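Inspection log for the structure reproduced underneath, given as structure tokens.
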Number of protein chains: 2
Amino acid sequence: MSLRHAVLGLLAEMDGSSGYDLMRMFEVSLANVWGATQSQLYGELAKLTADGFIEVVEEGPRGRKAYGVTAAGREELRRWLTETAPKAVRRDEVLLRVFFLGLVTPEQREEYLRGRAAELAERQAGIEAVEEAVSWGEDDLSRYGRLVMEYGKRFMAMRREWMEWALRELEDPPTSAR
Amino acid sequence: MSLRHAVLGLLAEMDGSSGYDLMRMFEVSLANVWGATQSQLYGELAKLTADGFIEVVEEGPRGRKAYGVTAAGREELRRWLTETAPKAVRRDEVLLRVFFLGLVTPEQREEYLRGRAAELAERQAGIEAVEEAVSWGEDDLSRYGRLVMEYGKRFMAMRREWMEWALRELEDPPTSAR
DNA sequence: CTTAGACATTCCACTATCGACATGTCAAGA
DNA sequence: TCTTGACATGTCGATAGTGGAATGTCTAAG
């Protein structure tokens, strides 16, 4: 149940945000870390309110509701951060397909890997665009957001290198040739 | 809907496997790539059978059912591999928490990162154990499984290095100190 | 003979996620 | 004034995923 904590965390750092504001943060800052759709987000806001972890602190124009985290919400967030263990990612569709690459032709294999590498290049460009666009302040979100961004860069660089290695490996098989 | 294709792919390479056999493959070979629980797996086998992508080719002791991929199944697999685009991962609980690390004490931040690094070391040991235990043959699954395994190693090494960097970054903040 | 443990399947209730749709407000410029 | 586009919230149905329990069979060791 991490969407809940993503919302709670965002709200804790950006008090008085609306669902719409949060949605934008999910799209920009959290895009590669924890995605969310509108329906999920508004649904979670309703549940969090019902559970007493957040509350509407102000109603603005266009039906805008600004939320704030309650004491219970802060406690829940602290509990999640310090007392629960994150579970490791164990799903990667790109890699899953690599596992089955033996089922297609050599040309298709190469096409697949080159295609993924191209996507990666695009995402890399995207992350650099965000990096330049975001005004990095001295607040906590900037501070730790920077760490996450650096991770994203390293991650993509690593994947790129691995793909190049895999392509070489495929055209020139190791030790015992077939 | 990738569980479906993971099952189909596994079955295409290991014809005549039972749900139980597949379950073990998910646990060992696919653990870091695409996880599945029993209930999911058996449910998917039933659906795949209903859709005509696989069929029971043999019934063994203990109610064992050995499955085989049908022509339609092979076609579906080929289609998936060559005509559909994989969607990028965009969920990482470990990183999500890093984003909110500003909400806890410096000691807890460090504890968190060190804890993740320890987990990583464990997983690294695990992957090496699997590497040694698995009999790497010359079949396709071994060939491409090796690529995936190499990815796993690089991934964990990268995360480790990043965590060490992040720890240094936290104790010695960059440019404009606070 | 007994029993532990691997083999093997199936069902269930719950929660999470996705994608599309519906509805409406407000500000600014043509 | 009209229209466009950003702002803003919400509902729905379908599918996917989790975790646990129930049930039973076969084999090998003691």
Side-chain angles (χ1 to χ4, degrees), chain A residues 1-8 11 14 16-28 30-31 33-51 54-67 80 84-93 96, chain B residues 1-8 11 14 16-28 30-31 33-51 54-67 80 84-93 96:
Chain A
M1 237 202 299
S2 279
L3 172 66
R4 150 153 296 194
H5 299 104
V7 173
L8 220 39
L11 221 40
M14 307 281 284
S17 297
S18 66
Y20 192 83
D21 294 336
L22 291 170
M23 196 62 229
R24 266 173 23 246
M25 301 217 59
F26 269 99
E27 275 161 9
V28 179
L30 250 40
V33 172
W34 205 272
T37 57
Q38 263 194 5
S39 43
Q40 249 185 304
L41 178 54
Y42 283 106
E44 197 58 53
L45 283 171
K47 276 189 224 159
L48 280 164
T49 307
D51 292 346
I54 62 174
E55 59 191 352
V56 176
V57 291
E58 190 198 327
E59 307 218 9
R62 290 174 261 224
R64 179 194 154 98
K65 292 180 199 165
Y67 291 91
W80 173 70
T84 67
K87 49 181 172 185
V89 195
R90 45 177 223 146
R91 260 177 172 76
D92 189 323
E93 212 183 310
L96 177 63
Chain B
M1 236 205 298
S2 280
L3 173 65
R4 148 154 296 193
H5 299 105
V7 173
L8 221 39
L11 221 39
M14 307 280 284
S17 297
S18 66
Y20 193 81
D21 293 337
L22 292 170
M23 197 60 229
R24 267 172 25 245
M25 300 217 59
F26 268 99
E27 275 162 9
V28 179
L30 251 40
V33 172
W34 204 272
T37 57
Q38 265 193 2
S39 41
Q40 245 185 306
L41 178 54
Y42 282 105
E44 197 58 52
L45 283 172
K47 275 190 226 157
L48 280 164
T49 306
D51 293 346
I54 62 174
E55 59 190 350
V56 176
V57 291
E58 189 199 325
E59 307 220 7
R62 292 174 257 223
R64 176 184 210 268
K65 291 182 197 163
Y67 290 91
W80 174 69
T84 65
K87 50 180 173 184
V89 195
R90 46 176 222 147
R91 260 175 172 75
D92 190 324
E93 214 183 309
L96 177 63

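Keep in mind that what you see is a predicted model, and the values were worked out from it rather than measured. Within every chain, numbering begins at 1; the chains are lettered A, B, ... in the order of the sequence lines, protein sequences first and strands thereafter.
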Inset, instruction - Say whether, by atom type as modelled, one donor and one acceptor occur between the side chain of A/Tyr42 and the main chain of A/Thr37 under 3.5 angstrom. - result: no
Inset, instruction - Mind calculating the distance between OH (B/Tyr42) and C1' (D/dG24) to the nearest angstrom? - result: 13 Å
Inset, instruction - Starting from P on C/dA8, measure out to CG on B/Asp21 and report it in whole angstrom. - result: 6 Å
Inset, instruction - Find the distance B/Phe26:CZ to D/dG19:P and express it as a whole number of Å. - result: 16 Å
Inset, instruction - Check the distance between C/dC7's C1' and B/Leu41's CG and give it to me in whole angstrom. - result: 14 Å
Legend entry - Steps toward side chain to side chain contact (heavy atoms under 4.5 Å, CB included) verdict (A/Leu45, A/Leu22): CA-CA 10 Å; A/Leu45 283 171; A/Leu22 291 170; 3.9 Å; yes
Legend entry - Euclidean distance, atom CE of residue A/Met23 to atom C1' of D/dG10 [Å, nearest integer]: 14 Å
Legend entry - Phosphate-side-chain proximity, A/Tyr20 and D/dC7, N/O vs OP1/OP2 below 4.0 Å: yes
Legend entry - Gap between atoms CD and C1', on B/Glu27 and C/dA8 respectively (whole Å): 13 Å
Legend entry - Annotated protein contacts, base or backbone, on nucleotides 17-27 of chain C with a non-hydrogen cut-off under 4.0 Å, one of B, S, - each: SBBB----BB-
Legend entry - Candidate pair A/Tyr67 and A/Val56, rule side chain to side chain contact (heavy atoms under 4.5 Å, CB included), full reasoning: CA-CA 4 Å; A/Tyr67 291 91; A/Val56 176; 3.7 Å; yes
Inset, instruction - Indicate yes or no: does A/Arg4 engage A/Glu44 in a salt bridge with an N to O separation below 4.0 Å. - result: yes
Inset, instruction - Quickly work out the B/Leu48 CG to D/dA16 P distance and round it to whole Å. - result: 11 Å
Inset, instruction - For B/Asp21, enumerate each residue passing the salt bridge (charged side-chain N to carboxylate O under 4.0 Å, His left out) test, keeping only those at least two apart in sequence or located in another chain. - result: B/Arg24, B/Arg64
Legend entry - A/Ser2 OG to B/Arg91 CZ distance, which is reported to the nearest 0.5 Å: 9.0 Å
Legend entry - Nucleotide D/dT25, atom P - distance to CD of B/Glu59 in whole Å: 15 Å
